[in-house]
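First up is the structure itself, then whatever we jot down about it.
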Amino acid sequence: METSRGIWTSTTDVDLLLRLASGGFDWLALDAQHGPVDRAALHVIGRALAGAPTPFLVRVPAVDAAWIGAALDAGAAGVIVPSVEGVADAGRAALATRYPPLGDRSWGPFAPLWGGTTTTPEEANQAVQCWVMVETSGALDDVDVIAATPGVDGLFVGPFDLSLSLGTTPEALLADHDPTGPLARVVAAAERQGILVGGFAGAPERARALVSHGIPFVAVTSDAGVVEAGVRAVLGDLDA
Ligand code: 3PY
Ligand code: MG
């Protein structure tokens, strides 16, 4: 199982994002749910990252076709759709991600203007990824049908909300290796349908825990986490 290591970002500072995009991560995820990335910022960030060596995904604020379209128009390689309550939400997210006849995305991309590579609806439909978050008990109940939904390319675990929804803690959720436990059910559903499986870690120890469950596509850290680790390392060096 080859791991794919991403970084979660909330900043709208394009210079910082460009540095992170050349730092060796496999992908960036811009957080428009909890971060200050609004539609205008997304447009500017998309233009700045058009030539960057690392693709970016956008975690959109909700199951929202307008936001999904805007993220893809700005050049995102895919979307991570949060707060999915069940298979109906997953179906809506999948339809919004692709142009007809596979979905109902509306035409209007900026990425070609900025030097992006996808120029036809067929190419875009091929290249794009729709990640559906499994972070509610409803999504977990429906995980098999969600994984089987046409156009859902991956299941993305949100351990913080999923543990809140299940009445447990992220630590307990990640430590649960029962084959019928929540994470095992997500991994098994993805494997049965041959789709991707990923998750938010936000710290290397949680990333290792996700990988130990067979979840290889992980947001290992965040822009804030990298800054905090850098501050600790520099001050540690000074004190050494
Ligand atoms: C979660 O763990 O709930 C997330 O959405 C991570 O950002
Ligand atoms: Mg969440």
Side-chain angles (χ1 to χ4, degrees), residues 3-12 17 20 25-38 41-42 45 56-64 67-68 71 76-86 89-90 92-93 129-143 146 152-176 181-187 189-190 196-229:
T3 54
S4 179
R5 301 175 306 179
I7 179 166
W8 206 256
T9 66
S10 297
T11 184
T12 56
L17 284 165
L20 295 175
F25 290 103
D26 296 311
W27 45 276
L28 270 68
L30 314 180
D31 190 0
Q33 182 187 24
H34 291 298
V37 180
D38 60 14
L42 174 66
I45 294 169
F56 70 95
L57 303 166
V58 175
R59 197 256 293 266
V60 294
V63 184
D64 178 336
W67 251 98
I68 291 172
V79 286
I80 301 175
V81 183
S83 309
V84 164
E85 293 289 348
D89 280 347
R92 270 194 290 280
Q129 286 182 341
C130 177
W131 288 88
V132 166
M133 289 195 75
V134 180
E135 58 174 354
T136 65
S137 59
L140 187 62
D141 289 344
D142 276 3
V143 72
I146 290 175
V152 169
D153 301 292
L155 304 178
F156 196 90
V157 176
F160 286 88
D161 279 318
L162 184 57
S163 59
L164 277 175
S165 183
L166 298 177
T168 181
T169 64
E171 293 72 26
L173 181 76
L174 292 170
D176 180 358
L183 297 186
R185 285 174 57 197
V186 176
V187 171
L196 302 165
V197 60
F200 176 84
E205 64 278 10
R206 284 194 295 270
R208 281 192 291 274
L210 285 173
V211 171
S212 77
H213 281 273
I215 298 178
F217 186 93
V218 280
V220 175
T221 185
S222 62
D223 46 4
V226 164
V227 171
E228 281 162 15

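Just so you know, ligand 1 is whichever comes first in the structure, and atom 1 is the first atom listed for that ligand. Every value quoted in this text rests on a predicted model; they were computed, and no experiment measured them.
- Atom 3 (O) of ligand 1 has Asp161 N, 2.8 Å as its closest protein atom, hydrogens excluded (heavy atom only).
- Minimum-distance N/O/S atom of Asp161 relative to the Mg ion (ligand 2): OD2.
- Atom numbering of ligand 1 starts at 1 in the shown order; those under 4.0 Å from a heavy atom of Gly158 are 1 (C), 2 (O), 3 (O), 4 (C).
- Inspection of the Trp8 and Asp223 side chains reveals no N or O donor paired with an N or O acceptor under 3.5 Å.
- The proximity of His34 to ligand 1, defined as any non-hydrogen pair under 4.0 Å, does not occur for either the backbone or the side chain.
- Residue-level proximity to ligand 1 for Phe160 is carried by backbone and side chain together, each with a heavy atom below 4.0 angstrom.
- Remark: distances from the non-hydrogen atoms of Pro159 to ligand 1 include one below 4.0 Å.
- Distances from the Mg ion (ligand 2) to each N, O or S atom of Glu135 single out OE1 as the nearest.
- Ligand-side atoms of ligand 1 in range of Met133: 4 (C), 5 (O), range being under 4.0 angstrom from any heavy atom.
- For ligand 1 and Glu135, the ligand atoms under 4.0 Å from any heavy atom of the residue are 1 (C), 3 (O), 4 (C), 5 (O).
- Phe56 has its ring centre no less than 6.0 Å from the ring centre of Trp27.
- From the protein, the heavy atom lying nearest to atom 7 (O) of ligand 1 is Arg59 NH2, 3.1 Å.
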